[in-house]
Amino acid sequence: MKGIVFKEFADMLEATFGADMYDSLVEACDLPSGGVYTAVGTYDHTELVALVIELSKRTGLDPTTLVQAFGKYLFGRFHELFPVFFNHDNAFSFLESIENVIHVEVLKLYPEATLPRFDSELAEDGNTMHLTYYSTRHFADLAIGLIQGAFEHWGEEVQLSMEDLTTGDEQKVRFTMVKA
Ligand code: HEM
């Protein structure tokens, strides 16, 4: 996974829990990278998982909560870093563009990126959207945080539910979003 994601995670941790906490997590996890990430570098996604598990032990917050919170934070950072992708009238339109626009551009910027795949389906009445996430890295919780960030950004209320359809190595999760 590209360093930009790790760097943002490290920044969030330092801002929330302090630099000492971050250093101590890195030490406890004995990471190959030493916990020093550059945006264009590529690192094993399991380093992020290790940091989350260690942080979970110390804070008592479960890994799901931590990864979802990071997803929301990351949404805000992506908005600051790549405003061009946010030129949409509503969250559904933005979410539909991840697979065929956003992540396509991300891959041009970072050719080594390992991106998830998304299938989207918008109901004819425009009030319900299904978004299915596929990835061998199992970061559906990160997707949830990013999705929640999008609805907050556009000031929309939705009911979000999810169905885990994973059968093999690849995580497959179908999100259903219904406008309130
Ligand atoms: C401007 C918006 C976005 C940008 C610039 C962006 C960019 C990226 C980048 C750079 C990565 C790391 C790739 C790697 O090296 O492996 C990534 C991964 C990911 N992106 Fe996006 N993304 C955006 C929006 C979204 C949204 C809205 C979602 C959620 C629905 C999403 C879901 C994910 C997930 C879950 C991953 C983790 C990798 C995985 O699951 O396999 N992204 N994205």
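This one's a predicted model, so the numbers in the text were calculated from it and none came from an experiment. Whatever order the structure lists ligands and atoms in, that order sets their numbers, starting from 1. This chain uses plain numbering: 1 for the first residue, then up along the sequence.
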Atom pairs and distances, side-chain donor-acceptor, residues 171-180, under 3.5 Å, sequence neighbours left out:
from	atom 1	to	atom 2	distance (Å)
Gln171	OE1	Phe139	N	3.3
Gln171	OE1	Ala140	N	3.2
Thr176	OG1	His130	ND1	3.0

Between side-chain atoms of residues 158-165 and protein atoms elsewhere (two or more places apart, or another chain), which donor-acceptor pairs fall under 3.5 Å?
from	atom 1	to	atom 2	distance (Å)
Asp164	OD1	Thr166	N	3.0
Asp164	OD1	Thr166	OG1	2.5

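Excluding water, every protein N/O/S atom under 2.8 Å from atom 21 (Fe) of ligand 1 is given here by residue and atom: His103 NE2.
Listed by atom number, the atoms of ligand 1 under 4.0 Å from Phe85 heavy atoms are 1 (C). In summary, the atoms of ligand 1 found under 4.0 Å from a heavy atom of Phe139, numbered by their order in the structure, are 35 (C), 40 (O). In summary, the atoms of ligand 1 found under 4.0 Å from a heavy atom of Ile147, numbered by their order in the structure, are 30 (C). Residue-ligand proximity, Tyr133 to ligand 1, at heavy-atom distances under 4.0 Å covers atoms 35 (C), 39 (C), 40 (O), 41 (O). Against a heavy-atom cut-off of under 4.0 Å, Phe86 is close to the following atoms of ligand 1: 1 (C).
Neither the backbone nor the side chain of Thr136 comes within 4.0 Å of ligand 1, counting heavy atoms alone. The backbone and the side chain of Met1 each have at least one atom closer than 4.0 Å to an atom of ligand 1 (non-hydrogen atoms only).
Proximity of a side-chain donor or acceptor of His138 to a complementary backbone N or O of Asp169 within less than 3.5 Å is detected. In terms of modelled atom types and a separation under 3.5 Å, the side chain of Asp44 and the main chain of Glu47 share no donor-acceptor contact. A donor-acceptor pair is defined here as one N or O able to donate and one able to accept, closer than 3.5 Å; no such pair exists between the side chain of Glu121 and the backbone of Met129. Between the side chain of Tyr22 and the backbone N or O of Gly35, at least one donor-acceptor pair lies under 3.5 Å.
A side-chain contact (heavy atoms from CB on, under 4.5 Å) with Phe70 holds for exactly one of Leu142, Asp141, Val52, Leu146; it is Leu142.
Protein heavy atom nearest atom 12 (C) of ligand 1, with residue, atom name and distance: Val5 CG2, 3.6 Å. Here the protein heavy atom with the shortest distance to atom 15 (O) of ligand 1 is Lys2 N, 2.5 Å. Given atom 5 (C) of ligand 1, the protein heavy atom at minimum distance is Phe82 CD1, 3.4 Å. With respect to atom 37 (C) of ligand 1, the closest heavy atom belonging to the protein is Leu142 CD2, 3.9 Å.
There is no side-chain donor-acceptor pair under 3.5 Å between Thr132 and Arg117. There is a side-chain donor-acceptor pair under 3.5 Å between Thr65 and Asp62.
Residue Phe118 places a heavy atom under 4.0 Å from ligand 1.
When only interatomic distances are considered, the shortest N/O to N/O separation between Ser135 and ligand 1 falls below 3.5 Å. Considering backbone and side-chain N/O atoms, Glu112 never comes within less than 3.5 Å of an N/O atom of ligand 1.
Atom-to-atom distance recorded for Glu96:CD and Asp119:CG is 11.5 Å, nearest 0.5 angstrom.
The heavy atom nearest to atom 27 (C) of ligand 1, out of those in Phe6, Phe175, Phe94, is found in Phe94.
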For this session: Check the pair Phe17 / Thr59 against side chain to side chain contact (heavy atoms under 4.5 Å, CB included), numbers first and verdict last.
Result: CA-CA 10 Å; Phe17 302 102; Thr59 58; 3.7 Å; yes

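In this structure, the ring pair (Phe, Tyr, Trp, His ring centres under 6.0 Å) partners of Phe6, at least two apart in sequence or on a different chain, are Tyr37, Tyr43.
Close placement of the Phe75 and Phe94 rings is indicated, their centers lying within 6.0 Å of each other.
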